[in-house]
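Below is one structure, written out as structure tokens; the observations come after it.
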Amino acid sequence: MDQNSPDYEFTNIEPTWQKYWDEHKTFKASEDTSKPKYYILDMFPYPSGAGLHVGHPLGFVATDIFARYKRMKGFNVLHTMGFDAFGLPAEQYAIEHGVHPAISTEKNIANMRRQLYQLGLAHDKERSISTTETSFYRWTQWIFTLLYDCYCDPEEQKAKPISDLLAALEAGTVQANTETKKIETSAEQNADVWNGLSDNEKTDFISSQRLAYMSELPVNWCPELGTVLANEEVTNQGRSERGNFPVYKRPLHQWMLRITTFAERLLEDLSLVDWPEPIKMMQRNWIGKSEGTEILFELDAIPGEKLRVFTTRADTLFGATYMVLAPEHPLLDTITTDDQKASVETYIASISDKSDLERTDLAKDKTGIFTGNYALNPVNGKSIPIWVADYVLMSYGSGAIMAVPAHDERDFEFATKFDIPITQVIEPFEKGDAQELPYSGEGRLINSEGYTGMSFKEAGLKITQDLEEKGCGKLSIQYKLRDWLFSRQRYWGEPFPILHGEDGEIIPVGEDQLPVELPPMEDFRPRSYSDPDTLPTPPLGRATEDWTSVERDGKTYRRELNTMPQWAGSCWYYLRYIDPTNSEAFCSPEKEKYWMGENGVDLYVGGAEHAVLHLLYARFWHKVLYDLGHVSTKEPFGKLFNQGYIQAAAFVDERGRYAPATEIEEKDGDFFYQGAKVKREFGKMGKSLKNSVSPDEVCQEYGADTLRLYLMFLGPLESMKPWSSKGIEGVHRFLRKIWREIVAIDGKLSSKITDGDETDAETTRLLQETIKKVTEDVEALRFNTAISQMMIFANHLQKVKKFSIESVQTLLQLLSPFAPHMAEELWNRLGATDSISLSQWPSFDPSKLETAEVRVVFQINGKFRGNAMVPRDASQEDVVKVAQADKRVIAHLAGKEIRKIIYIPGKIINFVVG
RNA sequence: GCCCGGGUGGCGGAAUGGUAGACGCAGCGGACUUAAAAUCCGCUGACCGCAAGGUCGUGAGGGUUCGAGUCCCUCCUCGGGCACCA
């Protein structure tokens, strides 16, 4: 394709209109309450050093089209884009390129802004922000102090200020249980317990309730990255998502966010949002709610001490033939008998050396050892041996289980290996169903004394009830979700607004002292280690004394040296778009109410890779802000849409190396690089597969309008599809076709255009159909079929001799969200003085869609045998007559008896024959 | 292993239970041109047939229905998620 085609000069047109929109602030969003609002959002992009490839704009173009459409439909649209520029990827890029992240980040943002600009996106540029700006992260820090100053009220399941808790404790309306670290409510008011506590105990208890807290817990320590990572940032191979380095569990003192207290609401409120079902499912699985029974087992040799387990199958209690403790279980030492002490210690040592990877994936074989001690089954007093095994996890339930080998695959495997008895207590309802053990299905109880014969469901409830009466059991709910590890030992992140006193006192930096700015540091690199036993050292520890040390009321404090993780900024950026320059608040309440409306963000588009991480974290923060009255919706993102990835062909040679996709020659279905045969595969576009296609190249060669159109024409937005530069000619031809129908070779308007109403009936009908189809398709984000329909109409215009200016103006309006530059240019040449982007979306007249005649298909036994035009309101009799006069129908009916006739007016007439 | 989402021409993909393959790419033939590019017209699922037309055809096999790519059951296969969560 020659970019200097004499007719359609997109190289001039596109920059002209981009400048026009800029200068006229065409897409500036303001709080115009006379119009309904529409808030459309793209997932927060990270400004990669590699720049965009054509896969990135897929979602950006989709939201742009939809936003432009909504604007033309009369909505006040908020659509902008900022940059998630803090975090590991940005910092790793800086390290790899030997640049300071502040510099590389700024450069990468500038490049990305340029790339986005040339796509003609209708963003409100004045609302663009970056998480690395102090005016932004001061509010990230502010929200952190809110989390620090809050607890979750167990009754109301609601975040409230710590001062409320203190007041309640002092008034005695709630009690502090210092054992379980739980807030308990009791009938009578009693402040004695609280008043009896020492100051330290009080502080400890309060800390144990804060939504942001410090804790020493086994965390994911990645020595090579020099930082700890959240569970979500560790692959199931036990390596870091970024860099694929080994990760070790180490108990370290870290900041955590108590997201677990919101587990139930995060689960429940999924019903409030319009999200793809698979994403909701992933969140449900991640939260992992499980209803069951908590059972207390007395210990044979240790009176008074009890072992707490959680089970979802209380009905199988009579089948519990052994117990298992997690290796980290606090009672393990107490329980282990003297003769077993040595072997247990050897066992613990053998597994503590293992990484998570070895403990889970590779260790298919169960390991464990007997502790020497026994527990008593509360239903029958039988003693049950207690083992320790690493297949039980300390982090779930109580870190101990009752093992029922007959009805649990894992327990069965373990029992078989260690010769532990297996007692069947459930048999299938239908005898003859899978009798083989382990059987984990439904059934009725056997070998269970008084419960024998009951259905498993009934028995589960009854046993739980009976245990509860005896005080050794109760219904219980467990979640897989863990608290969120929130600190990183890295430089490029938001500093914590926290000060540490010499005596261990922790105080937040006051609101008037925010932001705590990241100190400029030459040496920002993390210390990385190959020895997993080294402790992390945050780079901020090397900042100058005047930053790390702070005076408050005559006391010296040390700043928190960790930084926040990547996810912090993306938890609330959508609220800042609403009021990006506010220096008094993160967002003004009035603007928040207007733009968030009833359901929050009206459309949120992004990849499915954020299904649990970002979306769960952001929902959590939003709920806290909601509880504290800072936002007005329960959920941040009312509707979510996942766009599919764009894949591209990549070519591997014999030695497994990737050859540049641009230099591949194809011959008879085989592919060659420099004469050598290579194999084709498909993968995510990127540097490593050497198959990136930059939007810059495509824009230069075909223009942004063509790229936008092609990205949308490739296939359904939600599905994964391969990029091929071949097909792009098609949509480019379509645009040029429209151009030529409107502009003659001499640059004047085409002589085919007539003034006044459309005179051609078919053009009128097809235009109506096109308005209808495009409107419905855009509304449902089916951009590919909307484009097809416009192609059909353009092909029609080409065939007719004349068409009205009005018809073609309407077409341009339909086209304008997709190819805005060309649409503006032609709209302008047709005489308009205002932007097409501000014109009103065409509506269709259903009555004009109806034709006097309709095509009815003839079928014999459901098989197509012909068709004919009949009057729209033709009766069955009339249609039968027409059909029976058809040659093919006659042939197929010959000698057969008509048993039945099915007539669907305007569609088919079907003869059922014998 | 469990839970989702797919499988339709040479390719990307269209089809409220009602003509499978819209639209586009690629391919073939033609027009225009000194020639090319661009553009336009025609053909293009497979097989049989001069044609009219017929038979088959949406991963495989069964079923429901007058009629199934579409609904139900079983299986194969690709992609994604979770994975000792008691």
Side-chain angles (χ1 to χ4, degrees), chain A residues 1-2 5-7 236 276-282 284-286 288-290 292 309-313 316 324 326 359-361 363-364 366 389-393 395-404 407-411 413-414 440 478-482 608-609 611-612 642 644-645 647 669 682 710 713-716 718-731 733-734 736-737 740 782 784-792 794-795 798-799 855-867 887-888 891-892 899-902 904 906-913:
Chain A
M1 178 75 45
D2 180 1
S5 37
D7 41 19
N236 50 18
E277 203 47 49
I279 300 294
K280 287 190 181 185
M281 196 69 78
M282 282 194 235
R284 283 191 202 109
N285 289 342
W286 194 263
K289 182 179 183 176
S290 169
V309 307
F310 172 74
T311 178
T312 51
R313 292 294 301 269
T316 63
V324 186
R359 265 180 75 169
T360 57
D361 265 19
K364 292 272 183 248
K366 296 261 181 300
D390 68 351
Y391 83 92
V392 170
L393 310 172
S395 48
Y396 185 77
S398 58
I401 61 158
M402 63 171 212
V404 184
H407 307 291
D408 182 284
E409 220 165 293
R410 297 152 298 183
D411 299 345
E413 204 187 310
F414 190 85
S440 54
Q478 295 293 330
Y479 300 92
K480 274 201 280 186
L481 185 69
R482 319 282 161 74
E609 68 271 23
V612 283
N642 286 122
Y645 301 91
Q647 291 200 319
F682 283 87
Y710 184 55
F713 190 61
L714 231 37
E718 66 273 21
S719 53
M720 174 143 61
K721 50 223 153 201
W723 174 266
S724 139
S725 40
K726 276 184 183 170
I728 200 162
E729 297 280 353
V731 290
R733 277 181 205 141
F734 161 65
R736 297 188 56 190
K737 189 179 289 180
R740 285 194 317 268
R782 288 188 304 253
N784 54 332
T785 47
I787 294 167
S788 299
Q789 186 62 37
M790 289 188 279
M791 284 175 167
I792 291 169
N795 290 344
Q798 193 179 54
K799 287 193 180 82
R855 187 169 301 277
V856 166
V857 165
F858 308 148
Q859 292 183 349
I860 315 290
N861 285 345
K863 272 203 160 77
F864 172 78
R865 298 298 174 193
N867 64 74
K887 257 200 322 205
R888 286 170 73 185
H892 284 275
R899 291 196 181 153
K900 202 170 163 188
I901 296 173
I902 289 152
I904 296 166
K907 286 254 163 106
I908 55 145
I909 180 98
N910 186 15
F911 297 90
V912 184
V913 299

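Quick caveat, the model's predicted, so the values are computed rather than measured. Throughout, a chain's letter reflects where its sequence line sits, starting with A, and its residues are numbered from 1.
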Phosphate oxygens OP1/OP2 of B:C2: is one of them under 4.0 Å from a side-chain N or O of A:Asn285?
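Result: no.
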Any A:Lys726 side-chain N or O less than 4.0 Å from OP1/OP2 of B:A26:
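Result: no.
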With sequence neighbours excluded, what pairs up with A:Lys907 under the salt bridge (Lys or Arg N to Asp or Glu O under 4.0 Å) test?
none
Non-neighbouring partners of A:Arg284 that pass salt bridge (Lys or Arg N to Asp or Glu O under 4.0 Å), sequence neighbours left out:
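Expected list: A:Glu277.
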Between [N] atom [atom2] and [X] atom [atom1], what is the distance in whole Å?
X: A:Asp390; N: B:A86; atom1: CG; atom2: P; value: 18 Å
X: A:Ile279; N: B:C82; atom1: CD1; atom2: P; value: 11 Å
X: A:Glu277; N: B:G5; atom1: CD; atom2: C1'; value: 12 Å
X: A:Met281; N: B:G5; atom1: CE; atom2: P; value: 8 Å
X: A:Phe734; N: B:U39; atom1: CZ; atom2: P; value: 14 Å
X: A:Tyr396; N: B:A83; atom1: OH; atom2: P; value: 13 Å
X: A:Met282; N: B:C2; atom1: CE; atom2: P; value: 19 Å
X: A:Phe911; N: B:U19; atom1: CZ; atom2: P; value: 17 Å

Syn/anti state of B:G9 by chi, 90° boundary around 0:
syn
List the residues meeting side chain to side chain contact (heavy atoms under 4.5 Å, CB included) with [X], not counting sequence neighbours, and say none if there are none.
X: A:Ser719; result: A:Pro716
X: A:Ser788; result: A:Phe713
X: A:Lys863; result: A:Arg865
X: A:Asn285; result: A:Met281

What contact category does [X] fall into here, base, sugar-phosphate, or nothing, at under 4.0 angstrom with non-hydrogen atoms?
X: A:Asp411; value: nothing
X: A:Lys480; value: base
X: A:Ser290; value: sugar-phosphate
X: A:Gln478; value: nothing

Between [options], spot the one nearest the side chain of [X], thanks.
X: A:Arg733; options: B:C82, B:A86, B:U39; answer: B:U39
X: A:Leu393; options: B:C66, B:A86, B:C23; answer: B:A86
X: A:Tyr391; options: B:C4, B:C84, B:A38; answer: B:C84

[atom1] spacing across the pair [N] / [M], given as an integer number of angstrom:
N: B:C66; M: B:C71; atom1: C1'; value: 16 Å
N: B:A46; M: B:A36; atom1: P; value: 29 Å
N: B:U55; M: B:C43; atom1: C1'; value: 22 Å
N: B:G49; M: B:A38; atom1: P; value: 38 Å
N: B:A68; M: B:A20; atom1: C1'; value: 11 Å
N: B:C73; M: B:G27; atom1: P; value: 44 Å
N: B:G79; M: B:A26; atom1: C1'; value: 26 Å
N: B:G6; M: B:G59; atom1: P; value: 13 Å

Would you sketch RNA chain B in dot-bracket for me? Only Watson-Crick or G-U wobble pairs with both distances under 3.5 Å count, crossing pairs as [ ], other-strand pairs as |, the rest as dots.
(((((((..(((.....[....))).(((((.......))))).((((....))))..(((((..]....))))))))))))....
Protein proximity profile, nucleotides 11-18 of chain B - base contact B, sugar-phosphate-only contact S, no contact -, cut-off 4.0 Å on heavy atoms:
-BSS-B-B
Close N/O contacts between protein and nucleotides 49-54 of chain B (under 3.5 Å):
{"residue": "B:G54", "atom": "OP1", "partner": "A:Arg865", "partner atom": "NH1", "Å": "3.2"}
{"residue": "B:G54", "atom": "OP1", "partner": "A:His892", "partner atom": "NE2", "Å": "2.8"}
{"residue": "B:G54", "atom": "OP2", "partner": "A:Arg888", "partner atom": "NH2", "Å": "2.9"}

I'd like to know if the side chain of [X] reaches the main chain of [Y], judged simply by a donor and an acceptor atom lying under 3.5 Å from each other, with no hydrogens or angles considered.
X: A:Arg736; Y: A:Val731; answer: no
X: A:Asn910; Y: A:Gly862; answer: yes
X: A:Asn867; Y: A:Arg855; answer: no

Would you confirm whether the ring centroid of A:Tyr645 sits within less than 6.0 angstrom of the ring centroid of A:Trp723?
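No - the distance between ring centres of A:Trp723 and A:Tyr645 does not fall below the 6.0 Å cut-off.
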Upstream residue (5' side of RNA chain B) when A:Lys737 and A:Lys289 are each assigned their closest nucleotide:
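Taking each residue's closest nucleotide, the earlier one in sequence belongs to A:Lys737.
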Nearest-nucleotide 5' precedence on RNA chain B, A:Arg313 against A:Ile792:
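Closer to the 5' end of RNA chain B: A:Ile792.
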Side chain to side chain donor-acceptor pair (under 3.5 Å) involving [X] - partner list, sequence neighbours excluded:
X: A:Lys737; value: A:Asn795
X: A:Asp408; value: A:Arg410
X: A:Gln789; value: A:Thr770

Where do A:Ala403 and A:Tyr391 come nearest, in terms of heavy atoms and distance?
CB-OH, 4.3 Å
